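Keep in mind the model is a prediction, meaning the values are calculated, not measured.
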Amino acid sequence: MAAEAATWFRVLTAILVACAVLTKVECRIRNYKFNVVMKNTTRLCKSKPIVTVNGRFPGPTIVAREDDTVTVKVVNHVKYNVSIHWHGVRQLRTGWADGPAYITQCPIQPGGTYVYKFTLTGQRGTLWWHAHVLWLRSTVHGAIVILPKLGVPYPFPKPSKEVVVVLGEWWKSDTEAVINQAQKLGRAPNVSDAHTINGNPGPTTNCLANGGFKVPVDEGKTYMLRIVNAALNEELFFRIANHKLTVVEVDAVYVKPFSTDTILIAPGQTTNVIVSTTQKAGRYLVAVSPFMDAPIAVDNFTATAFLRYSNLISTSKSATKLVAPPPQNSTSVADTFINSLKSLNSATYPAKVPLTIDHSLFFTIGLGINPCKTCVNGSRVVADINNVTFVMPTTALLQAHYFNISGVFTDDFPSKPLMPYNYTGAQPTNFATNTGTKLYRLPYNSTVQLVLQDTGMIAPESHPIHLHGFNFFVVGRGVGNFNPNKDPKNFNLVDPVERNTVGVPAGGWSAIRFRADNPGVWFMHCHLEIHTTWGLKMAFVVDNGIGPNESVIPPPSDLPKC
């Protein structure tokens, strides 16, 4: 233990020295404390106890600067196991702080404490944090605001003010009861009862007391909205009445600015937009609604908030400018937004797209049905990648990898489907999947091209896929089956958008590229929580490179035990 503590001290000292040398400004360690506690909360005119951080929903915003070190002491005061994931943080060599339960750590047990320590290396923008065990992230989540280094401007005019906007979902029932009941039946859970904007659904005909989140603005100013989709299971449209949105960043990476009246944001994604307040005095409706272009049930409730000009005299209904959400199945609106996203690719912020590929992978994603003796109907809906439904281990995968513990996982995850078929056409009659804790092994610094192909198994559906530990470039997307002979010719290898979570279109595919320059074990999964629960997940194990700077650091002494 003493040796491990000494190692951590040397690592933190090196971080501070390097930061001071590189930036010639004050290098900070930002310290936070998260008390995970129950809080009785009322929404939709009904109260229930929810799991929160520091009694807040959404939880507190972490604010730091690029290259700062962050420590968060998490104390678990609830009856559930808890772990926190810092979504989108690269966690270079610090996989012990990544947070997914049983992947990089055992969860923090009731009464337990764990201190997460990581550095925001080369990142600036909006990310977020959330629970990464059970369905606790429905209420255990919050934003991460990473400011540029002192003296470094935004690559766009500085806004007058910045506002964090966290989108979510709300169930009247306890979410753990919702998913437990669904698992018992072997079927999909009930959809949420409302969407929320900063924890509030806005007024409804059945509950005017909901109120709604309000953004006070002054005429003639610019405001940056840092938007996070913390919803469990739904992609969302975002609109503001009579106002254009200029998109400047997604997933903490600057993009070429473009103007739109609608953004699409999938669970796990973040988007920064600039709003210019050029309208007349009034209240302007903010509308958040679901996007679903497949025959899948969603919560069709539109959450509302208000942009309110400070020179507004009357707050009567006549002063409110309304906006209609896009139709739920507006694929064209979604595609227009997604296709507009391009990396800034400037001298200061280049797009370093891998041009040569060491590992070319093809992963199909979809649903299946497996036997289930404990389920009411004798079967259970599952999800899979390359027909493998992931089985969660009881020992954290990173520990098994670091300490060479055998029997926890195998590194034989298939690089392509074992039985190819027409993925978006006629489906096999056998819906069964294979099961296992299989990982795909990558040498340090190798380059990867991964094509993610949706399938029509049971139903085609859009899947937001999140990769821990890395950013990646979305070099292509399309409908139907990926054609390896034709489609790569149309890849964007110049300024593709860089993300940590990509939407795979329903009945289509997305292609990403990244460099495996971060040793450790890194989770990849669908950010629709129900699909993760059903097994649409896998992990990459990235071997150490040469020397300590290319190797996983030793685990901290307070790492939770299973």
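The shortest non-hydrogen separation linking G268 to T501 is O-OG1, 3.8 Å. Counting all heavy atoms, side chain and backbone alike, G503 lies closest to S510 at O-OG, 3.0 Å. Listed here is the closest heavy atom pair of F237 and P327: CE1-O, 3.8 Å. Smallest separation of non-hydrogen atoms from Y80 and P110: O-CG, 3.9 Å. Taking all atoms of both residues into account, the shortest heavy-atom contact from F291 to A334 is CZ-CB, 3.7 Å. The shortest non-hydrogen separation linking V164 to A143 is CG1-CB, 3.6 Å.
Between the side chain of E461 and the main chain of A506, no donor-acceptor pair closer than 3.5 Å is present. At distances below 3.5 Å, at least one donor-acceptor pair connects side-chain atoms of S462 with backbone N or O atoms of V504. A donor-acceptor pair under 3.5 Å links the side-chain atoms of D299 to the main chain of F301, judged by distance alone. Counting only distance, with no hydrogens or angles, the side chain of Q105 and the backbone of A396 share no donor-acceptor pair below 3.5 Å. Under the 3.5 Å distance criterion, the side-chain polar atoms of N233 are matched with a main-chain donor or acceptor of E529. Using modelled atom types, no side-chain atom of D293 and backbone atom of N329 make a donor-acceptor pair closer than 3.5 Å. Of the possible donor and acceptor atoms, none in the side chain of T395 sits under 3.5 Å from a partner among the backbone N and O of V408. Proximity of a side-chain donor or acceptor of S330 to a complementary backbone N or O of V333 within less than 3.5 Å is not detected. Side-chain N or O atoms of E176 include one that pairs as donor or acceptor with a backbone N or O of W135 at under 3.5 Å. In this structure a side-chain-to-backbone donor-acceptor pair under 3.5 Å is missing from N518 to V542.
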List the steps and the verdict of side-chain hydrogen bond (donor to acceptor under 3.5 Å, both in side chains) for R239 and T262. CA-CA 5 Å; R239 278 183 172 176; T262 307; 2.5 Å; yes
Test side chain to side chain contact (heavy atoms under 4.5 Å, CB included) on I385 and L536 and set out the steps. CA-CA 6 Å; I385 303 177; L536 208 165; 3.6 Å; yes
Side chain to side chain contact (heavy atoms under 4.5 Å, CB included) evaluation trace for Y421 with M457: CA-CA 11 Å; Y421 68 99; M457 193 73 79; 3.8 Å; yes
V36 and V75: side chain to side chain contact (heavy atoms under 4.5 Å, CB included), yes or no, with the steps? CA-CA 6 Å; V36 182; V75 185; over 6 Å; no
Evaluate I263 against F337 for side chain to side chain contact (heavy atoms under 4.5 Å, CB included), listing each step before the verdict. CA-CA 6 Å; I263 72 165; F337 177 81; 3.6 Å; yes
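Aromatic ring orientation, F390 versus F523: tilted (interplanar angle from 30° to 60°). Taking the six-membered ring for Trp and thresholds of 30 and 60 degrees, W522 and F470 have ring planes more than 60 degrees apart, a perpendicular arrangement.
A side-chain N or O of E498 and one of N471 form a donor-acceptor pair less than 3.5 Å apart. The closest side-chain donor-acceptor pair between T389 and T433 falls under 3.5 angstrom. Residues R137 and H87 have side chains that never bring a donor and an acceptor to within less than 3.5 angstrom of each other. A donor-acceptor pair shorter than 3.5 Å cannot be found between the side chains of H359 and Q449. A side-chain donor-acceptor contact under 3.5 Å links T42 and S47. In the model, Q183 has no side-chain atom that pairs as donor or acceptor with a side-chain atom of T533 under 3.5 Å. For the residue pair N481 and N422, a side-chain donor N or O sits within less than 3.5 Å of a side-chain acceptor on the partner.
At a threshold of 4.5 Å between non-hydrogen side-chain atoms, the residues V521 and L439 count as touching. Counting heavy atoms from C-beta outward, V53 and P60 have side chains that approach closer than 4.5 Å. P560 places none of its side-chain heavy atoms less than 4.5 Å from the side chain of P107. You'll find the side chain of F514 reaches within 4.5 Å of the side chain of L467, heavy atoms only. The shortest side-chain heavy-atom distance between D193 and L44 falls under the 4.5 Å cut-off. V82 is listed as a side-chain neighbour of L136, based on a closest heavy-atom distance under 4.5 Å. Under the 4.5 Å side-chain criterion, counting only non-hydrogen atoms from C-beta, I84 is in contact with W86. Using a 4.5 Å heavy-atom cutoff, the side chains of N229 and Q269 are not in contact.
Stacking of K48 on the aromatic ring of W171 is not recorded, the 6.0 Å distance cut-off and the 45° axial limit not both being met.
Ionic pairing of D335 and R477 is present here: one or more N-O contacts between side-chain nitrogen and carboxylate oxygen are shorter than 4.0 angstrom. Using a cut-off of 4.0 Å between Lys/Arg side-chain N and Asp/Glu carboxylate O, K438 and D412 are scored as salt-bridged.
A side-chain hydrogen bond (donor to acceptor under 3.5 Å, both in side chains) with H525 holds for exactly one of H531, H468, H466; it is H468.
Taking SG from C526 and CD1 from I365, the interatomic distance works out to 7.0 Å, rounded to the nearest 0.5 Å. Separation of atoms CH2 (W128) and OG1 (T270) is listed at 10.0 Å; rounding is to 0.5 Å. Interatomic distance, R513 CZ to I357 CD1, rounded to the nearest 0.5 Å: 4.0 Å. With rounding to the nearest 0.5 Å, the separation of CG in N35 from OG1 in T113 is 8.5 Å. For the atom pair NE2 (H141) and CG (L167), the distance works out to 9.0 Å, reported to the nearest 0.5 Å. Between the CZ atom in R380 and the OG1 atom in T374 there is a gap of 5.0 Å [rounded to 0.5 Å].
Taking the six-membered ring wherever Trp is involved, the centroid distance between the rings of Y423 and F362 falls below 6.0 Å. Aromatic rings from H132 and H85 are positioned such that their centres are separated by under 6.0 Å. Two rings, from Y116 and F118, have their centers 6.0 Å or more apart. Checked against a 6.0 Å centroid threshold, the rings of F413 and F363 count as neighbours.
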